[in-house]
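First the structure, in the form of structure tokens, and then the observations on it.
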Amino acid sequence: MHDHEPGNAAAARQEASGLYGKKLAFYGAGSMAEAIVRGLLTRELTQPQQITMINRADAARLEALRSRYGVQAPSEGGAKLEALKGAEIVVLAMKPKDAAQALRQFGEIVRPGQLLVSVIAGLRIAAIERLVGRDVPIVRTMPNTSSTIGLGVTGISFSERVSPQARAMATAMFEAVGTAEVVDEPLLDAVTAVSGSGPAYAYYLMEQMIAAGQQLGLDADAARALTVQTLRGAAEMVLATGEQPAELRRKVMSPGGTTEAAIRTLDAHGFPEGVQRAMARAAERAGELGDSIEEGLQSS
Ligand SMILES: NC(=O)C1=CN([C@@H]2O[C@H](COP(=O)(O)OP(=O)(O)OC[C@H]3O[C@@H](n4cnc5c(N)ncnc54)[C@H](OP(=O)(O)O)[C@@H]3O)[C@@H](O)[C@H]2O)C=CC1
Ligand SMILES: O=C(O)[C@@H]1CCC=N1
């Protein structure tokens, strides 16, 4: 799937990651699972026949995944369980509200040596251990959907049981679809607020800029093209120059000019405080999701 590089680059990545040839089961086959699968296949880190995607009920979704990626996506219950049992790496990728039940089911069939990788917001390593056993190595992560195009960023933390090789493999899995930062587990809720949910803030800003551009007389296509390239260019400028965003902003803001007028208006409408409050609330919500999963485990 990767057209513009010599085959030996893919082979080097495959060797470095240790993922190639490993059986991967995605327990949950929604947006986030698809983003990772697509990224892994595009980077040729593994092959479609090594991947099984499992959901609860949506057969049309499974058919779409089979035809889009050539992965295994069984619809029959026994085959789903077999795939979970047989996988060397199981990626937990259902919504937090569905996690307790799914983990309970997995706890009955888990076998030693399997590596569990969770992408579930809020779900703590201790809660996973309670159901599947303390001997199972667990990787808790917070990726984002930009993994689809290899531009994701993922926060990662490990339980004590994760071996150095498994740490390297899990990190390589997410580096294959972007960049990865290892953080202490409690910081994953902050990562969720910054980069897990973050693409949505950028899209929301784009929505508002496109709508405002249209109000100012641009047609929809022009407003979209100008907005998207502007945000892309701004992100690339921060990376390419290494300068602080505040510094780059000052270079755009001529004294008494249009940008200053706009930024003052944003400040008057509470933009900085709004962003800070929004992200604090996202982090808090991640904690609440974790709490509610643990309450579900207690009531079982
Ligand atoms: N979307 C995002 O931007 C990000 C999401 N995440 C995390 O990823 C996880 C998944 O999110 P997302 O992909 O958006 O969610 P989706 O709703 O798109 O997908 C959830 C998937 O889980 C499946 N599922 C639910 N319960 C079970 C079960 N008991 N057994 C098997 N499959 C099950 C669903 O199947 P069915 O449709 O058949 O019910 C569906 O395929 C969440 O925990 C979220 O916190 C993390 C980072 C970013
Ligand atoms: O909104 C959510 O809960 C998930 C976690 C981060 C992005 N999507």
Side-chain angles (χ1 to χ4, degrees), residues 16-19 22 24-41 43 45-46 51 53-54 84 87-100 102-103 106 110 114-129 131-132 136-200 282-283 285-287 289-290 293-294:
S17 78
L19 267 180
K22 295 265 183 335
L24 276 164
F26 285 80
Y27 195 9
S31 326
M32 197 57 243
E34 182 173 4
I36 298 169
V37 165
R38 190 185 170 108
L40 290 176
L41 293 176
R43 298 276 290 164
L45 258 264
T46 185
I51 297 178
M53 300 185 76
I54 294 161
L84 286 174
E88 283 140 300
I89 303 171
V90 174
V91 181
L92 298 172
M94 64 282 301
K95 291 284 186 200
K97 70 176 173 54
D98 298 319
L103 275 170
F106 184 66
V110 66
Q114 284 185 301
L115 179 68
L116 269 186
V117 178
S118 170
V119 304
I120 299 173
L123 176 60
R124 297 179 191 103
I125 288 172
I128 304 176
E129 284 178 338
L131 274 167
V132 297
V136 180
I138 294 159
V139 183
R140 178 179 166 195
T141 74
M142 180 43 56
N144 69 21
T145 48
S146 307
S147 306
T148 310
I149 54 161
L151 290 176
V153 55
T154 302
I156 306 186
S157 60
F158 306 101
S159 74
E160 284 173 11
R161 294 279 168 186
V162 186
S163 68
Q165 292 89 332
R167 283 175 193 232
M169 190 164 62
T171 306
M173 179 168 153
F174 289 98
E175 282 177 346
V177 294
T179 60
E181 296 280 335
V182 175
V183 298
D184 290 338
E185 193 196 356
L187 288 173
L188 277 175
D189 291 349
V191 172
T192 305
V194 177
S195 55
S197 298
R285 181 69 190 141
L289 291 169
I293 298 169
E294 283 162 32

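Throughout, residue positions are numbered sequentially from 1 according to the sequence presented.
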Tell me whether [X] contacts the main-chain N or O of [Y] through its side chain, where contact means a donor paired with an acceptor under 3.5 Å.
{"X": "Glu88", "Y": "Leu24", "value": "no"}
{"X": "Arg124", "Y": "Gly287", "value": "yes"}
{"X": "Thr141", "Y": "Ser118", "value": "yes"}

Nearest heavy atoms of [X] and [Y], plus distance in Å:
{"X": "Pro96", "Y": "Ala121", "answer": "CG-O, 3.7 Å"}
{"X": "Val177", "Y": "Gly39", "answer": "CG1-CA, 3.3 Å"}
{"X": "Val153", "Y": "Ser195", "answer": "CG1-CB, 3.6 Å"}
{"X": "Ala180", "Y": "Glu175", "answer": "CB-CG, 3.8 Å"}
{"X": "Ala29", "Y": "Met53", "answer": "CB-CB, 4.1 Å"}
{"X": "Ile36", "Y": "Pro143", "answer": "CD1-CG, 4.5 Å"}

- Spacing of NZ belonging to Lys97 relative to CG belonging to Leu289, to within rounding of 0.5 Å: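 Separation between the atoms: 11.5 Å.
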- Item | Listed once per pair and sorted, the side chain to side chain donor-acceptor pair (under 3.5 Å) pairs that draw on residues 142-159, sequence neighbours left out | none
- Pair listing, side chain to side chain donor-acceptor pair (under 3.5 Å) test, anchored in residues 178-188, at least two apart: Arg140-Glu185
- Query: Sequence neighbours excluded, which residues qualify as side-chain contact (heavy atoms from CB on, under 4.5 Å) partners of Leu84?
  - Reply: Ala25, Tyr27, Ile54, Val90, Phe106, Ile109
- Item | Any residue meeting side-chain hydrogen bond (donor to acceptor under 3.5 Å, both in side chains) with Arg285, in chain and number order, not counting sequence neighbours |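 Only Glu288 meet the side-chain hydrogen bond (donor to acceptor under 3.5 Å, both in side chains) criterion with Arg285.
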- With Glu34, which residues qualify under salt bridge (Lys or Arg N to Asp or Glu O under 4.0 Å), at least two apart? Arg61, Arg68
- Message: I'd like to know whether Val119 forms a side-chain contact (heavy atoms from CB on, under 4.5 Å) with Leu92, so could you lay out the CA-CA distance, the side-chain angles of the two residues, the decisive distance to 0.1 Å, and finally the verdict.
- Response: CA-CA 6 Å; Val119 304; Leu92 298 172; over 6 Å; no
N/O donor to acceptor pairs below 3.5 angstrom from side-chain atoms of residues 162-173, sequence neighbours left out:
| unit_1 | atom_1 | unit_2 | atom_2 | d |
| --- | --- | --- | --- | --- |
| Ser163 | OG | Ala166 | N | 3.0 |
| Arg167 | NE | Val162 | O | 3.2 |
| Thr171 | OG1 | Arg167 | O | 2.7 |

- side chain to side chain contact (heavy atoms under 4.5 Å, CB included) with Phe26: which of Val117, Val91, Ile89? Val91
- Message: With a 4.5 Å cut-off on side-chain heavy atoms, are Leu41 and Ile51 touching?
- Response: yes
